[in-house]
Amino acid sequence: MKARKILAISLVTLLSGLNSYAEDGYRLWLRYAPVQEPAHREYIGGILDHVVVGIPGSTAEAIGEEIKKASLGMLGAPASCAGEFSDRASLVIGTPGACKILDNDVMKEQLEGLGSEGFFIGYASYEGKEYLTVAANEPAGALYGTFHLLRELQAGSVLTALPVKEVPRIQYRLLNHWDNLDRTVERGYAGFSIWDWHKLPVYINPRYVDYARANASIGINGTVVTNVNANALVLSPRYIEKVAALADVFRPYGLKVYLTARFSAPIELGGLSTADPLVPEVRAWWSDKVNEIYAAIPDFGGFLVKANSEGQPGPQNYGRSHADGANMLAEAVAPHGGIVMWRAFVYSAEIEEDRAKQAYNEFVPYDGKFHENVFIQVKNGAIDFQPREPFHPLFGAMPETALAPEFQITQEYLGQATHLVYMAPLFKECLDADTYMPHEGATVARIIDGSLNGRDRSAMAGVSNIGTDRNWTGHPFGQSNWYAYGRLAWDHRLTSEQLAGEWIRLTFGTDPALLETIREIMLVSREAAVNYMTPLGLHHIMGVNHHYGPGPWVNRGRPDWTSVYYHKADSLGIGFDRTASGSDALSQYAPEIEEKYSDPETCPEEYLLWFHHLPWDYTMKSGRSLWEELCLKYDDGVKTVTRMKASWKQVEGRIDQERFDRTLMLLRIQETEARWWRNACLLYFQQYSGMPFPVEIEQPEGDLEEYMRLNFPYAPGIRPRW
Ligand code: BDP
């Protein structure tokens with residue numbers, strides 16, 4: 001015993017030594033860093049001393065491996081794990097069917113209502129003795145329970161309030177990869193795609209396992225591995241084999257694979273002359289294709305489809321509706337239990353209507369016409385993942401249809417992998433928004449989790465920020481957005497503060513001073529980005545194509561891809577009038593919202609220019625003119641980044657030098673670029689306002705013409721020209 005302890009201590013020292021130069025971010029929030037505090041070490045040691053994993057199938061091994069990794073990391077010695085119960089057990093992880101001590105009425109009662117993914121952490125008695133258990137009805141629940149327990153232990157907590165019972169509030173919790181088969185990633189800023197298609201199916205990169213572990217640890221249970229701007233080739237036999245190899249790796253971790261379906265695949269792959277969803281040969285082609293996929297991947301999740309949007313083919317090419325297209329695919333996957341996520345990101349330059357209104361106009365008439373296993377996947381806002389958007393009017397407007405929100409984790413419009421922007425507040429803003437449809441309290445979260453309408457199917461999608469960078473997400477803090485998204489999909493009631501706290505403890509350690517400082521940086525970061533990019537409801541004023549940096553002057557090409565279409569600045573004022581006197585987009589919301597937002601006096605100021613075109617001298621709530629307020633907001637965004645940088649400097653020495661330095665360098669760039677945004681936008685808008693900059697702001701420097709000439713031909717993540 002003594003010898004074991006000494007060995008453990010020396011291993012800890014060794015590991016902590018290694019840690020001081022091995023913090024490259026690869027281990028994400030599953031670092032299992034050596035625990036120094038003696039009481040907590042002892043506590044963890046007591047729990048992980050002898051672990052019994054009594055569950056069927058391959059998940060048992062995944063759980064056992066995780067427990068060993070965790071104890072090796074935290075305590076310096078791997079826990080002993082066994083499949084058979086013995087009274088030595090310090091922790092029993094299992095399902096009633098496979099673990100005798102859980103196979104009793106008391107436990108079955110505890111597990112009632114926990115479904116296939118929920119879990120129970122508490123005590124089970126057996127032959128007069130109490131055992132700490134992680135119990136679940138199915139292996140997936142036991143896996144999530146294990147990760148929950150390990151998260152608590154890593155974060156320095158003790159399990160005081162037992163039992164813990166959790167059930168995910170959303171059923172399908174998915175990542176969407178915008179990864180192309182050539183390994184470029186559309187809007188990916190963390191290197192190339194982690195899917196090495198060329199070497200699959202034989203070569204299994206160990207990263208695939210770590211990817212699955214990371215997702216399982218935050219509750220993500222599905223992944224769409226290909227870009228919504230889809231390539232039909234992924235549906236060909238050679239690629240199905242590769243996808244099946246990934247599915248095999250993910251299966252023990254409860255992670256299902258999904259694919260994007262290119263609507264014209266029956267033509268491109270099948271040699272048919274049409275992809276018309278009502279033509280029997282086309283339907284038969286899809287049904288055969290789906291059978292072929294399920295033969296290789298029995299638990300295949302289903303399809304994600306971008307149709308008749310930004311040049312992608314779809315049912316409207318044949319005069320058919322989105323419902324015709326979605327239902328055809330839904331019928332093909334239904335016998336196998338698959339789902340179809342049909343995107344509502346549909347708008348066209350040929351239509352005169354305000355882009356913000358088009359998806360609603362297109363989809364609402366089909367409410368109730370989609371099959372049971374179809375989700376309409378709706379971006380959080382009606383334009384496109386802007387730093388701030390009001391919630392999408394489709395939420396609440398299709399009560400007979402299952403809607404799934406789509407969030408963008410990759411920071412396409414939020415400084416990409418260069419700026420520190422913690423996005424939980426953005427996700428929460430949408431989820432907590434009250435749609436008033438059909439009544440007060442009908443939040444987006446309650447609509448999409450099914451509780452409002454008693455629907456039992458629910459889904460959420462997040463566009464991934466993962467790539468081949470050693471730390472997965474490019475910016476070290478990009479990891480927090482992946483983390484927060486997954487946790488919110490599991491339980492959308494968690495707060496941004498809680499999630500930041502969890503992530504910091506797991507990622508940087510449990511020092512309370514560190515926690516306070518880093519959390520403050522994270523919590524102000526999203527509002528800072530809104531302010532230095534698009535304050536007061538401005539939107540879509542970024543650089544053309546790469547979407548990096550400011551571009552309020554963009555006025556060429558497709559009008560709905562310009563900036564002037566959205567800000568409409570002129571000598572009289574600025575903003576997009578979406579009231580009844582303008583595009584009337586507000587009429588797509590509930591009367592309570594329409595009324596409140598139609599009047600600039602009662603419209604929340606953060607959405608003011610989203611819904612109103614107002615004179616430059618319009619008086620704001622602060623008593624300042626709109627112009628002055630705009631200037632102050634831009635300036636405040638920059639000042640906040642300066643403060644973030646100063647606060648970050650305080651953590652030096654309290655965390656590893658590597659992540660400290662990387663983050664500091666990125667914050668320096670962010671500060672410079674926040675200034676760039678402020679200067680370029682204010683100099684540009686000043687041409688129209690004709691008003692001086694308020695004295696209290698740092699005066700915008702530089703030459704507008706020069707800002708306008710900046711050009712970034714090789715910026716990452718640019719959409720391929722198809
Ligand atoms: C926009 C991206 C574009 C995507 C599109 C989509 O700029 O690359 O293809 O969304 O969601 O944000 O389909």
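We're numbering straight along the sequence, starting at 1. All of these numbers come straight from a predicted model, not from anything done at the bench. Just so you know, ligand 1 is whichever comes first in the structure, and atom 1 is the first atom listed for that ligand.
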Below 4.0 angstrom from a heavy atom of [X], which ligand 1 atoms are there? Numbered from 1 as shown, please.
{"X": "E310", "result": "4 (C), 5 (C), 9 (O), 13 (O)"}
{"X": "E186", "result": "3 (C), 4 (C), 8 (O), 9 (O)"}
{"X": "D384", "result": "1 (C), 10 (O), 12 (O)"}
{"X": "R187", "result": "2 (C), 3 (C), 7 (O), 8 (O)"}
{"X": "F345", "result": "5 (C), 6 (C), 10 (O), 11 (O), 13 (O)"}
{"X": "N229", "result": "9 (O)"}
{"X": "H547", "result": "7 (O)"}

Heavy-atom nearest neighbour of atom 2 (C) of ligand 1 within options K306, E406, Q408, E412: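 Checking each option, the heavy atom nearest atom 2 (C) of ligand 1 is found in E412.
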Check: R169 and S458 side chains under 4.5 Å, non-hydrogen atoms: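 Result no, sub-4.5 Å side-chain heavy-atom pair not found.
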Pair H177-Y211, ring-ring contact (aromatic ring centres under 6.0 Å, His included): steps then yes or no: CA-CA 13 Å; H177 284 260; Y211 168 84; 5.5 Å; yes
Flag if over 12 foreign heavy atoms under 6.0 Å of CZ, F192: no
For ligand 1, the portion of W561 having any non-hydrogen atom under 4.0 Å away: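 Within the 4.0 Å criterion, W561 makes no contact with ligand 1.
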Parallel, tilted or perpendicular, as decided by the 30° and 60° cut-offs, for the rings of F370 and F363: parallel
Ring geometry between F576 and Y566 (parallel below 30°, tilted from 30 to 60°, perpendicular above 60°):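 Tilted, since the angle between the ring planes falls between 30° and 60°.
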Polar proximity ligand 1 side, W178 side, N/O cut 3.5 Å exclusive: no
M341 and Y172: CA distance, side-chain angles, deciding distance, side chain to side chain contact (heavy atoms under 4.5 Å, CB included) verdict: CA-CA 11 Å; M341 288 152 295; Y172 298 94; 6.0 Å; no
Minimum heavy-atom distance Y707-W553, with the two atoms named: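 Scanning both residues, the minimum pair turns out to be O-CZ2, 3.7 Å.
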Any K379 heavy atom less than 4.0 Å to ligand 1: yes
